[in-house]
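We use all heavy atoms of the structure for the numbers below, so side chains are in, but hydrogens, waters and symmetry mates are not. All chains are named by letter (A, B, ...) in the order of the sequence lines, taking the proteins before the strands, and each is independently numbered beginning at 1. Everything numeric in this text was worked out from a predicted model, so none of it was measured.
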Protein chains: 2
Amino acid sequence: MLARVSSTPTFKRLPRAVREQQMLDAAVKVFSRRGFHAASMDEIADDAGISKPMVYAYLGTKEELFVACLHREGTRMMEAIAGAAAPDLPADERLWRGLRAFFGFVGAHRDGWAVLYRQARGEQPFAAELATMRGRLVEVVAGMLDHALRAKGREVGATDLEVVAYALVGATESLADWLADHPEADAEKTATRMMNVAWLGADQLLRGITWHPPAD
Amino acid sequence: MLARVSSTPTFKRLPRAVREQQMLDAAVKVFSRRGFHAASMDEIADDAGISKPMVYAYLGTKEELFVACLHREGTRMMEAIAGAAAPDLPADERLWRGLRAFFGFVGAHRDGWAVLYRQARGEQPFAAELATMRGRLVEVVAGMLDHALRAKGREVGATDLEVVAYALVGATESLADWLADHPEADAEKTATRMMNVAWLGADQLLRGITWHPPAD
DNA sequence: GCGTAACCTTACGCACGAGTAGGTATGCTC
DNA sequence: GAGCATACCTACTCGTGCGTAAGGTTACGC
């Protein structure tokens with residue numbers, strides 16, 4: 001009823017693929033700002049300049065929508081990292097490039113990634129999804145360490161390796177949180193600090209030994 | 001209506017202080033298992049063997065209840081750590097004792113702490129609360145590093161110190177998560193691994209240098 | 001120029017769960 | 001053993017927000 005006074009159609013009809021991206025953009029924005037539960041499908045639809053049933057038609061339920069966000073952002077991040085850390089470099093070089101790519105990504109997608117990430121940790125249905133992604137990262141780091149160790153004819157238990165990798169990934173995520181909360185902070189500098197902690201350790205740092213990025 | 005067939009009163013009347021603890025126990029359990037939103041006040045009341053209005057009467061709204069949980073668990077943890085790491089020990093010894101106390105605590109309260117922690121990160125209203133607690137931890141670690149540095153006549157910018165501490169705390173939390181998810185894992189061993197990463201760094205570890213707990 | 005398919009809307013049903021009203025039993029005090 | 005405070009209950013209200021039914025409108029093929 002009261003069929004809109006079609007003076008201007010206000011907005012054009014757009015192909016599905018485009019609308020889906022708009023919706024995902026809006027969803028990421030709203031989910032980050034409000035959190036999964038507090039975010040309402042109405043607000044997301046509104047923010048995307050579209051009505052709610054369209055969101056359901058294209059991306060499914062709220063949970064599915066959130067998973068779609070996670071996937072898109074996660075894939076983007078993984079690509080950013082994978083593209084930076086070639087597997088045939090020495091370990092320190094690889095670690096450095098990976099870290100730089102990671103913090104660069106987070107710095108550029110502050111509210112996008114870091115907050116989605118924080119969200120997903122808590123909510124049961126997504127924790128598994130997230131764990132898979134983190135698992136891939138841990139695997140990469142553990143693989144790197146293993147590779148470096150084998151090159152020296154040394155070997156370490158798989159669990160040890162995994163736990164060390166887990167700690168490194170955790171520290172990195174933690175600094176990513178810090179970066180997301182400090183808009184004035186510099187991504188490159190944060191990566192350098194992370195590299196110092198991860199590569200040298202507290203003992204060396206207390207001795208005044210520091211690591212600096214290569215001239216590149 | 002249908003006023004309970006008072007054959008057996010089923011459960012005794014208990015003083016407020018006792019009931020409050022029972023409620024908090026139940027709340028921690030349910031919040032951990034379900035997450036803040038998915039947890040229902042009915043289930044918590046049920047689990048505590050009490051009816052819902054009692055929960056409201058004693059601990060207030062759902063949010064207030066959750067904050068009460070956070071406070072109790074957080075305080076317990078802080079006490080466990082503070083009691084272990086005397087401020088006049090050398091840095092490595094202090095770090096080791098703090099880590100051991102921390103992982104010991106998490107190991108003993110797996111579903112209690114770690115999951116409450118995971119929950120609180122995401123939800124807006126509690127993030128601040130949590131940030132304060134983490135802030136205290138970061139402060140302690142940063143203070144420890146600063147103390148050790150000054151003893152050697154060296155000095156470092158406050159931000160650098162804070163970020164390093166932040167990374168260490170993050171890595172530790174991350175391993176705590178890992179520990180909470182691996183019931184078979186040993187807390188002491190996890191603490192040792194963390195110490196290796198934090199104190200020695202990847203470079204040393206790759207060189208085959210390792211750290212071992214003192215005879216104590 | 002007309003059918004059909006895809007796009008898009010308004011307006012609603014409905015479940016779920018936080019919080020409460022109002023009443024009953026029990027123990028403690030004098 | 002009357003009075004009073006505190007412990008405790010059953011059974012509701014009511015907002016909120018997910019998901020959908022049913023119908024309008026635009027583009028495109030033929």
Query raised in the report: Side chain of B/Arg13, base of D/dT6: donor and acceptor closer than 3.5 Å?
Result: yes
**Report entry** Length of the CD-C1' vector between B/Glu20 and D/dC8, whole Å
**Finding:** 15 Å
Query - B/Ser40 side-chain proximity, nearest of C/dG17, D/dA7, D/dC9 - result: C/dG17
Query raised in the report: Given atom CG of B/Leu14 and atom P of C/dA25, what is their separation to the nearest angstrom?
Result: 19 Å
**Report entry** For atom CG of A/Asp42 and atom P of C/dC12, their distance in whole Å
**Finding:** 15 Å
Query - Rounded interatomic separation in angstrom, taking CZ from A/Phe66 and P from D/dC18 - result: 14 Å
**Report entry** Close residues, residues 54-65 of chain B, relative to DNA chain D [heavy-atom separation under 4.0 Å]
**Finding:** B/Met54, B/Tyr58
Query - Separation of atom CZ in B/Arg16 from atom C1' in C/dG27, rounded to whole Å - result: 18 Å
Report task. Rounded off to whole Å, could you give me the CD-to-P distance for the A/Gln22 and C/dC7 pair? Result -> 13 Å
Query - Interatomic distance where CZ belongs to B/Arg34 and C1' belongs to C/dC16 [whole Å] - result: 14 Å
Report task. Can you figure out which of C/dG17, D/dT10, C/dA25 approaches the side chain of B/Pro53 most closely? Result -> D/dT10
Query raised in the report: Is a side-chain donor or acceptor of A/Arg121 paired with a backbone partner of B/Gly122 at a separation under 3.5 angstrom?
Result: no
Requested in this report: Indicate yes or no: does B/Asp181 engage B/Arg118 in a salt bridge with an N to O separation below 4.0 Å.
Outcome: yes
Query raised in the report: Does the distance from a Lys or Arg side-chain N to an Asp or Glu carboxylate O, for A/Arg72 and A/Asp25, drop under 4.0 Å?
Result: yes
Report summary line: dist A/Met144:CE -> A/Asp92:CG (nearest 0.5 Å) comes out at 9.0 Å
Requested in this report: Answer with yes or no whether the side chains of A/His37 and B/Glu123 bring together a donor and an acceptor at under 3.5 Å.
Outcome: no
Query - Atom of B/Ala80, atom of B/Phe105 and distance for their closest heavy-atom approach - result: CB-CD1, 4.2 Å
Query raised in the report: Just checking A/Ala39: base, sugar-phosphate only, or nothing, at a heavy-atom cut-off of under 4.0 Å?
Result: sugar-phosphate
Query - Donor-acceptor pair (no angle test) under 3.5 Å: B/Arg19 side chain, D/dA7 base - result: no
Report task. State which of D/dA7, D/dC9, C/dT9 makes the closest approach to the side chain of B/Ile50. Result -> D/dC9
Report summary line: Taken to the nearest whole Å, NZ/B/Lys52 to C1'/C/dC16 is 11 Å
Query raised in the report: Is there a donor-acceptor pair under 3.5 Å between the side chain of B/Glu64 and the backbone N or O of B/Thr61?
Result: yes
